[in-house]
Amino acid sequence: MRKLLLSFSLVTVISLLVACGEGDENQTASDAIDNTNATEELKSEKWDEIQEKGEIVAGTSGTLIGASTYDENDNLTGYDVEIMKEIAERLDLEVRFEIMGIDSMLPAVESGRIDVAVNDIEATDNRKKQFAFSEPYKYSYSTMVVREDDNSGIESLEDLEGKRAGGGATTIYSQIAEHFGAEVVTYGNAPNEAYLRDVNNGNTDVIVNDYYLSKFGVGGFPEFDIHLHPDLKFHPTEQAVVMDLEAETLQQKINETLAEMREDGTLSELAIEFYQEDASQKPEEEIEEIEGLDL
């Protein structure tokens, strides 16, 4: 009789343990489903919010000749601006531009003040840890604006040491200048003229910046004693639309639209319109990489 009771007790305990185990497994599976659903909601939340408003808010500076600037009729235009207008139109959205300095754009994306940033922003490895980027719409490289009579005493990247470089506080170009020992002089959301004039009059020595933007900046002020450095081409770059790291659905929609624009020639047409060169294609020549620069 005692053996029967003992056997029955053991069966009961085992049954309870199995039932508890099944309950834990069911709860774990339920939690996993909830977490997956929450992740998917985060991925689509920004896109759903934009669709509901029918409007996408884009941060840009309005001060970059070629990329984001005002025309003679005071209309905001430029390669980046027109690309964003076209993306919005193809996604059946209105676009509203918020004008701000480059140093404010990424924090504004992070805080949700703007949905995207389009301002010739380079997609670097470090930035990709904090933000989502579209596929590149522009390929370029870095160069320098220097005084024409003596190249501001700069014949190599190492000659940046001790020089005064005009630039934005958080830009990749300022990081390059600092990497080689230059003192960076910041301007906020100043127009190109302020940067270029200071090189011309000796308040600064150099501007490290994108090739296309530098070319048009110099071309816009022929009265200044400045030019693009004839020998220095370095740090190949890719520019893209910036958005919140979790905004994967928005990223997918923008990438699909950019792919259409590349395929139908719109990207090339806009690049040639604003840069007189097809900046939507990778440069054919080899561009020097900078060793030891953590971007």
Side-chain angles (χ1 to χ4, degrees), residues 59-85 97 99-103 105 117-122 137-152 154 163-169 171-174 176-177 182 184-235 237 239 267-280 283:
T60 196
S61 68
T63 60
L64 290 180
I65 296 175
S68 173
T69 189
Y70 287 91
D71 64 18
E72 61 276 9
N73 297 315
D74 206 30
N75 295 315
L76 184 66
T77 188
Y79 183 56
D80 292 52
V81 170
E82 297 304 327
I83 283 175
M84 196 63 234
K85 289 178 182 177
F97 290 98
I99 303 302
M100 59 183 65
I102 182 62
D103 296 336
M105 280 181 215
V118 284
N119 202 69
D120 204 67
I121 299 173
E122 183 181 348
Y137 56 76
K138 177 172 173 258
Y139 297 92
S140 188
Y141 57 86
S142 305
T143 186
M144 299 183 195
V145 176
V146 291
R147 285 183 288 278
E148 189 167 9
D149 59 352
D150 64 350
N151 290 334
S152 298
I154 299 170
K163 297 293 192 292
R164 286 167 59 83
T171 66
I172 300 304
Y173 307 108
S174 290
I176 292 172
V184 174
V185 179
T186 60
Y187 291 76
N189 197 31
N192 288 46
E193 182 179 2
Y195 291 83
L196 299 167
R197 186 181 297 279
D198 272 2
V199 176
N200 172 69
N201 63 29
N203 284 341
T204 58
D205 302 298
V206 60
I207 302 166
V208 179
N209 210 321
D210 173 78
Y211 161 69
Y212 293 103
L213 301 183
S214 298
K215 180 181 76 169
F216 275 85
V218 169
F221 300 93
E223 68 274 20
F224 292 168
D225 176 37
I226 56 175
H227 71 161
L228 295 189
H229 199 291
D231 302 318
L232 297 180
K233 300 177 181 180
F234 50 93
H235 184 59
T237 60
Q239 283 75 24
L267 287 184
S268 291
E269 289 172 12
L270 288 172
I272 292 168
E273 176 184 349
F274 288 100
Y275 295 125
Q276 280 75 63
E277 298 180 55
D278 192 354
S280 72

- Message: With side-chain contact (heavy atoms from CB on, under 4.5 Å) as the criterion, how do Leu267 and Ile83 come out once you've worked through the C-alpha distance, each side chain's angles and the decisive distance to 0.1 Å?
- Response: CA-CA 8 Å; Leu267 287 184; Ile83 283 175; 3.8 Å; yes
- Message: Between Tyr139 and Thr237, does the side-chain contact (heavy atoms from CB on, under 4.5 Å) criterion hold? Intermediate values first, please.
- Response: CA-CA 6 Å; Tyr139 297 92; Thr237 60; over 6 Å; no
- Task: Determine, step by step, whether Val145 and Leu196 satisfy the side-chain contact (heavy atoms from CB on, under 4.5 Å) criterion, reporting the C-alpha distance in whole Å, the side-chain angles of both residues, the deciding distance to 0.1 Å, and the verdict.
- Result: CA-CA 8 Å; Val145 176; Leu196 299 167; 3.9 Å; yes
- Item | Thr171 vs Asn209, side-chain contact (heavy atoms from CB on, under 4.5 Å): CA-CA, chis, key distance, verdict | CA-CA 9 Å; Thr171 66; Asn209 210 321; over 6 Å; no
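Summarising the geometry of Tyr173 relative to Ser142, their closest heavy-atom pair is CE2-OG, 3.4 Å, with the distance given to 0.1 Å. Across Ala67 and Asp120, no two heavy atoms sit closer than the pair CB-CB, 4.4 Å. His229 approaches Thr143 most closely through the heavy-atom pair O-OG1, 4.1 Å. Between Ala190 and Ala194, the shortest heavy-atom distance links the atoms CB-CB, 4.0 Å. The nearest pair of heavy atoms linking Tyr195 to Tyr187 is CE2-CD1, 3.4 Å. Taking every heavy atom of both residues into account, Ala117 and Met105 meet most closely at CB-CB, 4.2 Å.
A donor-acceptor contact shorter than 3.5 Å links the side chain of Tyr79 to the backbone of Tyr137. Using modelled atom types, one side-chain atom of Ser68 and one backbone atom of Gly62 make a donor-acceptor pair closer than 3.5 Å. No donor-acceptor distance shorter than 3.5 angstrom exists from the side chain of Ser152 to the backbone of Val146, with no hydrogens or angles considered. Ser174 contributes no side-chain N or O that, together with a main-chain N or O of Ala169, makes up a donor-acceptor pair within less than 3.5 Å. At least one donor-acceptor pair closer than 3.5 Å links the side chain of Asp71 to the backbone N or O of Asn73. Within the 3.5 Å criterion, the main-chain N or O of Asn200 finds no donor-acceptor partner in the side chain of Asp225. Under a 3.5 Å cut-off, the side chain of Asn119 and the backbone N or O of Ser61 do form a donor-acceptor pair.
The CD1 atom of Ile102 sits 13.5 Å away from atom OG1 of Thr186, with the distance rounded to the nearest 0.5 Å. Distance check: Asn75 CG to Glu72 CD gives 8.5 Å after rounding to the nearest 0.5 Å. If you take CZ on Arg197 and CG on Asn201, they are separated by 7.5 Å, rounding to the nearest 0.5 Å. Here the straight-line distance linking atom OG of Ser280 with atom CG of Leu270 works out to 9.0 Å at 0.5 Å rounding. The structure places CE of Met100 at 12.5 Å from OG1 of Thr63, a figure rounded to the nearest 0.5 Å. If you take CZ on Arg164 and CG on Asn203, they are separated by 7.0 Å, rounding to the nearest 0.5 Å.
Taking a cutoff of 4.0 Å between a charged side-chain nitrogen and a carboxylate oxygen, Lys138 and Asp80 do not qualify as a salt bridge. Remark: Lys215 does not engage Asp210 in a salt bridge, criterion side-chain N to carboxylate O under 4.0 Å.
Aromatic ring centres of Phe234 and Tyr141: separated by at least 6.0 Å.
The side-chain heavy atoms of Leu228 and Val218, taken from C-beta on, include a pair separated by under 4.5 Å. Within the 4.5 Å cutoff, the side chain of Leu76 has heavy atoms near those of the Thr60 side chain. Residues Ile207 and Ser214 are not in side-chain contact: their nearest non-hydrogen atoms beyond the backbone lie 4.5 Å or more apart. Side-chain contact between Phe216 and Gln276 is present, with heavy atoms from C-beta onward closer than 4.5 Å. Side-chain atoms of Ile172 and Val208, non-hydrogen and from C-beta on, never get closer than 4.5 Å to each other. Within the 4.5 Å cutoff, the side chain of Val199 has no heavy atoms near those of the Val206 side chain.
Remark: the His235 side chain and the Glu122 side chain contain an N/O donor-acceptor pair separated by less than 3.5 Å. Of the N and O atoms on the side chains of Gln239 and Tyr212, not one donor lies less than 3.5 Å from an acceptor on the other residue. Side chain to side chain, Ser268 and Asp278 meet the donor-acceptor criterion of an N or O pair below 3.5 Å. There is a side-chain donor-acceptor pair under 3.5 Å between Glu82 and Thr77.
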